[in-house]
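Positions are given from 1, in the same order as the sequence printed here.
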Amino acid sequence: MKSIEIIVAHDSDTLARCLRIREAVFIVEKGVPKEIETDSLDCLDGACSHVLVCCDGEDVGALRCAYTAEGIVRIQRFCVLQAYRGSGIGKHALEQVESHCRRGCRAVELDAKLAAAGFYEACGYKTVSAPFVEAGVPHVKMAKDL
């Protein structure tokens, strides 16, 4: 079994590593315009926690978590490099993030690409919205109680 680790960014180097993974997946691979993929929340002193996903010491994924006053964490920009998809890394990383969030949150929400909804369903998420378009791609809102 591979060693999957999540690292919450507390310094600019770790944040930069998260943003490099997101750029590789969303901007280069998926063609999302940079002005849509990155925003004012992509900083260390913002309303989000940034999380780097490592597998056997290699940076392979990233996401950010936005916390609401209602005790809900919104997972955003979750991605795994193409070469590592289908290996279980995403599921293990998501489980670790959920475990980390249980300390202060009662539920997790996310906007999933419609094509990825099956992955999230297999991880225990339920679809809670009709499909909608974000960045030109069909999505659904999904949620899971912690």
Side-chain angles (χ1 to χ4, degrees), residues 1-27 30 32 34-82 84-135 137-146:
M1 180 64 168
K2 295 181 183 287
S3 171
I4 311 300
E5 176 186 20
I6 61 166
I7 301 169
V8 178
H10 294 291
D11 59 72
S12 57
D13 177 61
T14 307
L15 176 60
R17 291 163 63 192
C18 291
L19 295 176
R20 276 194 296 273
I21 295 287
R22 287 177 37 196
E23 179 178 350
V25 173
F26 293 120
I27 297 171
K30 304 286 185 186
V32 175
K34 184 174 180 130
E35 59 274 7
I36 292 175
E37 203 293 306
T38 56
D39 59 27
S40 63
L41 298 176
D42 291 326
C43 59
L44 291 173
D45 59 353
C48 293
S49 295
H50 298 270
V51 179
L52 182 66
V53 180
C54 298
C55 177
D56 294 337
E58 297 289 324
D59 297 352
V60 300
L63 61 114
R64 70 182 188 193
C65 298
Y67 300 89
T68 72
E70 298 82 27
I72 297 171
V73 61
R74 287 196 47 82
I75 293 178
Q76 302 172 327
R77 310 297 204 274
F78 182 35
C79 60
V80 174
L81 293 173
Q82 189 172 28
Y84 295 90
R85 289 182 210 143
S87 65
I89 290 171
K91 182 178 181 186
H92 288 289
L94 195 56
E95 288 169 351
Q96 287 185 34
V97 168
E98 291 167 358
S99 179
H100 177 78
C101 292
R102 275 189 184 92
R103 297 178 193 133
C105 297
R106 62 178 177 79
V108 180
E109 295 179 346
L110 53 86
D111 293 340
K113 289 180 182 71
L114 202 53
F119 164 77
Y120 292 107
E121 287 172 355
C123 294
Y125 287 77
K126 305 275 188 232
T127 300
V128 295
S129 78
F132 60 93
V133 176
E134 183 177 309
V137 178
H139 285 71
V140 288
K141 182 176 179 180
M142 301 187 82
K144 179 179 182 178
D145 290 334
L146 293 178

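Considering all non-hydrogen atoms of both residues, Val53 and Ala93 come closest at CG1-CB, 3.7 Å. Leu52 and Gly61 make their closest contact through CD1-O, 3.6 Å (heavy atoms, listed as atom of the first residue, atom of the second, distance). A pairwise comparison of heavy atoms in Ile21 and Ala62 identifies CG2-N, 3.8 Å as the closest pair.
Heavy-atom contacts from other residues, nucleotides or ligands closer than 6.0 Å to CD of Glu95 number more than 12.
Annotation: side chain of Leu110 is not in contact with side chain of Gln76 (no heavy-atom distance under 4.5 Å). Side-chain contact between Thr68 and Glu109 is absent, with no heavy-atom pair separated by less than 4.5 Å. The shortest side-chain heavy-atom distance between Val25 and Leu81 falls under the 4.5 Å cut-off. Arg74 is listed as a side-chain neighbour of Asp111, based on a closest heavy-atom distance under 4.5 Å. In this structure, the side chains of Arg106 and Leu146 stay at 4.5 Å or more apart for every pair of heavy atoms. Side chains of Phe26 and Ile36 form no contact here, defined as non-hydrogen atoms less than 4.5 Å apart.
Salt bridge status for Arg77 with Glu37: present, with a side-chain N to carboxylate O gap under 4.0 Å.
Residues forming a side chain to side chain contact (heavy atoms under 4.5 Å, CB included) with Val8 (at least two apart in sequence, or on another chain): His10, Ser49, Val51, His100.
In this structure, Ile7 CD1 and Asp59 CG are separated by 7.0 Å, a value rounded to the nearest 0.5 Å. Between the OH atom of Tyr120 and the CZ atom of Phe78 there is a distance of 5.5 Å, given to the nearest 0.5 Å. The distance from the CE atom of Met142 to the CD atom of Glu121 is 4.5 Å, given to the nearest 0.5 Å. Distance check: His50 NE2 to Leu15 CG gives 5.5 Å after rounding to the nearest 0.5 Å. Here CD1 of Ile6 is found 7.5 Å from CG of Leu63. Values are rounded to the nearest 0.5 Å. Atoms SG and CD, on Cys101 and Gln96 in that order, are 12.0 Å from each other to the nearest 0.5 Å.
Ring geometry, His139 versus Phe132: the interplanar angle falls under 30°, so the pair is classed parallel (tilted spans 30 to 60°).
Across Leu19, Leu41, Ile75, a single residue satisfies side-chain contact (heavy atoms from CB on, under 4.5 Å) together with Arg64, and that is Leu41.
Side chain of Lys144 to main chain of Cys123: a donor-acceptor pair is present (N/O by atom type, distance under 3.5 Å, no hydrogens or angles).
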